[in-house]
Amino acid sequence: QRKMRNELDSVHFADLEAPLVNNWQAKEIRNGADAREGLYQQIPNSVLWTQTIRRLANGGVTSFVEVGPGAVLTGLLRHTEPNLKGYKFGETADLEKLTQPR
């Protein structure tokens, strides 16, 4: 975590154009300083997955895209909030699924 602090402090974090829910507090943030601190605090702290997903859902989010290989988070989403839609994007073929009308 100490090593990451130096790296994070060397990068400019602009205020956010859209709100972000960090996953170590399940809290909405809007400024660069809070985004930087969230990345720093995420290293030693537990991820509040359930609280983060529920906060997003309560804010009107209905669909999620998991970027990267596998679909672990998409599976967790189904268990956390079964009414939400989860899509994975890890391969070129996944792009077609994401761009189809729902």
Side-chain angles (χ1 to χ4, degrees):
Q1 185 184 25
R2 286 186 306 250
K3 291 178 184 178
M4 182 60 97
R5 172 60 81 191
N6 292 334
E7 295 299 322
L8 291 171
D9 286 345
S10 72
V11 177
H12 171 71
F13 280 72
D15 288 345
L16 307 174
E17 293 183 23
L20 169 78
V21 176
N22 70 30
N23 61 6
W24 74 278
Q25 291 177 305
K27 175 183 169 186
E28 185 176 290
I29 60 172
R30 295 178 175 268
N31 66 59
D34 288 343
R36 175 187 287 116
E37 186 64 17
L39 290 171
Y40 178 75
Q41 292 296 337
Q42 186 171 319
I43 295 168
N45 290 295
S46 298
V47 171
L48 301 178
W49 170 262
T50 301
Q51 296 93 321
T52 299
I53 294 302
R54 289 192 176 140
R55 179 169 188 128
L56 290 165
N58 289 337
V61 176
T62 59
S63 299
F64 294 81
V65 177
E66 179 175 357
V67 179
V72 171
L73 299 178
T74 303
L76 287 173
L77 179 67
R78 281 191 290 260
H79 293 291
T80 304
E81 288 288 332
N83 296 328
L84 300 177
K85 299 288 183 200
Y87 305 93
K88 72 178 196 80
F89 182 77
E91 302 174 9
T92 305
D94 294 330
L95 181 60
E96 186 176 311
K97 295 175 197 170
L98 291 175
T99 57
Q100 292 176 352
R102 293 177 189 94

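On a predicted model such as this, the values are computed, not experimentally measured, just so you know.
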message: Please identify which of these residues, Asn22, Leu20, Thr52, meets the side-chain contact (heavy atoms from CB on, under 4.5 Å) condition with Lys27.
response: Asn22

query: What pair of heavy atoms forms the shortest contact from Ala35 to Phe13, and how long is it?
result: CB-CD2, 4.0 Å

message: If hydrophobic clusters are built by linking Ile, Leu, Val, Met, Phe, Trp and Tyr wherever their side-chain heavy atoms come under 4.5 Å apart, do Ile43 and Leu39 end up in the same one?
response: yes

Under 3.5 Å, which donor-acceptor pairs do the side chains of residues 68-77 form with other protein atoms, sequence neighbours left out?
| from | atom 1 | to | atom 2 | distance (Å) |
| --- | --- | --- | --- | --- |
| Thr74 | OG1 | Glu66 | OE1 | 2.7 |

task: Locate the shortest heavy-atom distance separating Leu48 from Ala26; write the atom from each residue and the value.
output: CD1-N, 4.1 Å

- prompt: Does the side chain of Thr62 come within less than 4.5 Å of Lys85's, by heavy atoms?
  reply: no

- prompt: Which pair of non-hydrogen atoms, one from Ser63 and one from Val61, has the smallest distance, and what is that distance?
  reply: O-CG1, 3.5 Å

message: Enumerate the salt bridge (charged side-chain N to carboxylate O under 4.0 Å, His left out) contacts for residues 44-62, please, sequence neighbours excluded, ordered by first and then second residue.
response: Arg54-Glu81

- prompt: Would a hydrophobic clustering, with Ile, Leu, Val, Met, Phe, Trp and Tyr connected at side-chain separations under 4.5 Å, put Phe64 with Val47?
  reply: yes

- request: Answer yes if Ile53 and Val21 sit in the same cluster of Ile, Leu, Val, Met, Phe, Trp and Tyr residues linked by side chain heavy atoms under 4.5 Å apart, and no otherwise.
  value: yes

field: Polar side-chain atom of Gln1 near backbone of Tyr40 as donor-acceptor pair, under 3.5 Å
entry: yes

query: Are Trp24 and Met4 connected in the hydrophobic side-chain network, where two residues link if heavy atoms are under 4.5 Å apart?
result: no

task: Write out all pairs satisfying salt bridge (charged side-chain N to carboxylate O under 4.0 Å, His left out) with one or both partners inside residues 32-44, taking only residues at least two apart or from two chains.
output: Arg5-Glu37, Asp9-Arg36

